[in-house]
Amino acid sequence: MAYVNSEKIMKEGGGRVWHLAWRISRTPAAISHTTGHASRFPSSVTVSIASHQALKHLLNACKISLDFKSALQTYATIVKCGYHKNPSLLSTLISTLVCCGHLNLACQLQNETPIRDLDLMTANVIIARFMRGGDVDAAKRVFYNMHERDLVSWNSVIGGCIKNAHFEEALRFFKSMLYLNVQPDEYTFAPVVAGCARLGALDHAKWVHRLMIDKNITLNHILHAALIDMYAKCGRIEIARDIFHSIRSNYVSAWNAMINGLAIHGLSSEAISIFMQMEVENISPDAVTFMGILMSCSHCGLHEQGRIYFDIMRSRYMIEPQVEHYGVLVDLLGRSGHLQDAYSTIKTMPMAPDVVIWRSLLSACRIHKNSELGEIAIRNISCLNGSDYVLLSNTYCSLGKWNSAAKVRDLMRIEGIHQCYGRSWVELVGAIFQFKAGDKSHPETEAIYKVLEGLAKRTKLEGFVPTTELVLMDVSEEEKEDNLNHHSEKLALAFGILKTCCGTEIQISKNLRTCQDCHSWFKAVSRMLARVIVVRDRIRFHRFEGGSCSCGDYW
């Protein structure tokens, strides 16, 4: 007979499932109201060790009958008997909780006591649940502990990594899957293609596309749209265009992908032309279509056309604008200099403006040097981050209000608020190399900084003047220039120049919007080195060539 201090066990467990089981175990006749099998088991804390298999059988009965309460009551008895760490029982319990619809408790228990012998279906469900909740590490633990994996397991972990912005990790899982001769299907390729798009990794994109062809993957409407989006976001809008025209699709998703791809490249007239072609071919636009059209107008300063499309969305197509559409309209009006119109739009919105809208206004105030509206925007951002303070500080700097800028920076220091640091990456020879501002972690740091220093000196000799007013005011001019010289995209460019031949096009991706100083400097470098440099920032593509940018200095 086994006598167990179950209260001690529950305190040591500390988790939610343990707590629920302990509460049930303190009630009289803890398992007296279970399924038909329950009557075989006593409710006291003294249970024969030989009843381990019977308890497992009882849990299986609960799973079949979907009796959640009885499952927890049975678990309370398991805890009392000292079987709370038995892998077989815990695996059965987790499977039962999943079948009963209590995925949160199943995930909690798996997180507290990782089990290796979960059945395949249960493990796959738990992986998907963890990924939906954003707990990538927990999902990976379940995946690594599985004795057996099927295609659903791989698709769940790859798709989950993509949804949680773990793009490089998703590609690593995909490569491991291929190495183990697990054959991918269209549900595997859809998130992998999306991951290549988000990374802007052209070499990976081409490799994945070739694999799809080699493995005879059917190009359904989801993959069709995904390929267009991938090539557009990897800087090859001409390939995206060829795919779009080669497979005339009646699905709006492909048309949306093409319009949005043209928008981020600043090709507004072509985006509008595609929209007009939709009308000719009776392809009904949706809310996503108008997001793309409004963004294409925003990227080129076409505020009048943008207003027209915003109006016909509701009047002609009966599509009610959502907060995202208002956000793009505010961005369009603000960046084109119509700040009061942008503010009026915010005040007359039928729904509460979100933080993105106020940040769009704040960004426009920085561009057009309007500190009054900038302060209004700041007051309406409920949860300020470092970038918001920096935008306001830069707005003051652009107006020469150094004391106000210094106060904002002091407030950041006092409240311990840090700026969201820039991160840039470049893909070379099938590998992705990342850099942070002032990064010195790369093995070739010395050579990278030597190239960067040489470029800085040469551009200054050619007449480039750094935009030092964007830097803190309590340091010397030399220190300001040094700060600007070490931005992440400049380090990525220096590395690209170090590793490529003269004349090779270099493409860089960045997680934030590129700053005014870097934008001017890249133009100077493209002219000086006679190189094409493509930068994809958070908003759009910039193609620097011969001293000018494809955005026309409007971004």
Side-chain angles (χ1 to χ4, degrees), residues 229 252-253 255-268 271-272 274-276 278-279 284-368 370-385 387-388 391-392 395 420 512-513 537-540 551 554-555:
D229 180 65
V252 70
S253 56
W255 294 80
N256 289 346
M258 193 69 247
I259 288 172
N260 279 277
L262 293 165
I264 62 174
H265 283 269
L267 301 171
S268 58
I272 291 170
I274 294 290
F275 177 78
M276 294 171 66
M278 287 180 71
E279 294 183 314
S284 298
D286 59 13
V288 179
T289 314
F290 281 99
M291 281 292 292
I293 286 294
L294 290 171
M295 281 194 294
S296 69
C297 293
S298 181
H299 290 326
C300 295
L302 305 176
H303 63 276
E304 289 299 335
Q305 290 92 326
R307 289 180 202 252
I308 291 170
Y309 283 111
F310 187 86
D311 290 338
I312 67 171
M313 173 171 54
R314 182 164 37 198
S315 61
R316 186 186 303 176
Y317 295 99
M318 306 303 170
I319 298 172
E320 200 62 33
Q322 302 301 307
V323 67
E324 294 83 6
H325 297 97
Y326 281 99
V328 180
L329 181 62
V330 168
D331 184 62
L332 164 65
L333 295 171
R335 290 206 284 133
S336 60
H338 296 78
L339 294 176
Q340 287 300 330
D341 287 347
Y343 184 44
S344 297
T345 299
I346 294 173
K347 290 193 293 184
T348 56
M349 284 173 57
M351 72 284 290
D354 63 8
V355 66
V356 176
I357 289 177
W358 288 113
R359 282 180 179 146
S360 294
L361 181 63
L362 179 59
S363 179
C365 290
R366 194 270 302 168
I367 295 169
H368 297 289
N370 188 321
S371 60
E372 289 78 14
L373 270 181
E375 289 167 355
I376 292 174
I378 279 285
R379 287 198 296 271
N380 282 279
I381 299 174
S382 57
C383 186
L384 291 163
N385 64 27
S387 299
D388 301 322
L391 276 174
L392 184 61
T395 303
C420 180
L512 303 175
R513 188 179 292 190
D537 69 9
R538 187 173 58 84
I539 301 297
R540 58 165 297 154
C551 75
Y554 186 90
W555 82 99

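None of the values given here were measured: they were computed from a predicted structure.
In this structure, Tyr554 contributes its side chain and Ser336 its backbone to a donor-acceptor pair below 3.5 Å. Gln322 contributes a side-chain N or O that, together with a main-chain N or O of Glu320, makes up a donor-acceptor pair within less than 3.5 Å.
Counting non-hydrogen atoms of other residues, nucleotides and ligands closer than 6.0 Å to CE of Met276 gives a total of 12 or fewer.
Rounded to the nearest 0.5 angstrom, Cys297 SG and Phe310 CZ are separated by 12.5 Å. The line from CG of Asp331 to CD1 of Ile539 is 6.5 Å long, rounded to the nearest 0.5 Å. Atoms NE2 and CG, on His299 and Leu267 in that order, are 10.5 Å from each other to the nearest 0.5 Å. In this structure, Ser371 OG and Leu362 CG are separated by 11.0 Å, a value rounded to the nearest 0.5 Å. Distance NE2/His368 to CZ/Arg366: 9.5 Å, rounded to 0.5 Å. Atom NE2 in His325 sits 11.0 Å away from atom CZ in Arg314 (nearest 0.5 Å).
Looking only at side-chain heavy atoms (C-beta outward), Ile293 and Gln305 stay at 4.5 Å or farther from each other. Side-chain atoms of Phe275 and Pro285, non-hydrogen and from C-beta on, do get closer than 4.5 Å to each other. By the 4.5 Å heavy-atom criterion applied to side chains, Tyr326 and Pro321 are counted as neighbours.
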Just do the side-chain contact (heavy atoms from CB on, under 4.5 Å) check on Arg307 and Leu333 with the steps written out, would you? CA-CA 9 Å; Arg307 289 180 202 252; Leu333 295 171; 3.4 Å; yes

Run Ile346 and Trp358 through side-chain contact (heavy atoms from CB on, under 4.5 Å) and show every step you take. CA-CA 8 Å; Ile346 294 173; Trp358 288 113; 3.6 Å; yes

Evaluation steps, side-chain contact (heavy atoms from CB on, under 4.5 Å), between Asp354 and Glu324: CA-CA 9 Å; Asp354 63 8; Glu324 294 83 6; 5.8 Å; no

Check against side-chain contact (heavy atoms from CB on, under 4.5 Å), Phe290 and Ile312: CA-CA 10 Å; Phe290 281 99; Ile312 67 171; 4.2 Å; yes

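Among Ser360, Ser298, Ser363, the single residue meeting the side-chain hydrogen bond (donor to acceptor under 3.5 Å, both in side chains) criterion with Arg335 is Ser298.
The two residues Leu361 and Ala377 come nearest to each other via the heavy atoms CD2-CB, 4.3 Å. Nearest approach of Ser268 to Leu302, heavy atoms of both residues: OG-CD1, 3.4 Å. Contact between Gly334 and Ala342 at its shortest, heavy atoms only, is N-CB, 3.9 Å.
With sequence neighbours excluded, the residues satisfying side chain to side chain contact (heavy atoms under 4.5 Å, CB included) with Asn256 are Val252, Asn260, Asp286, Val288, Thr289.
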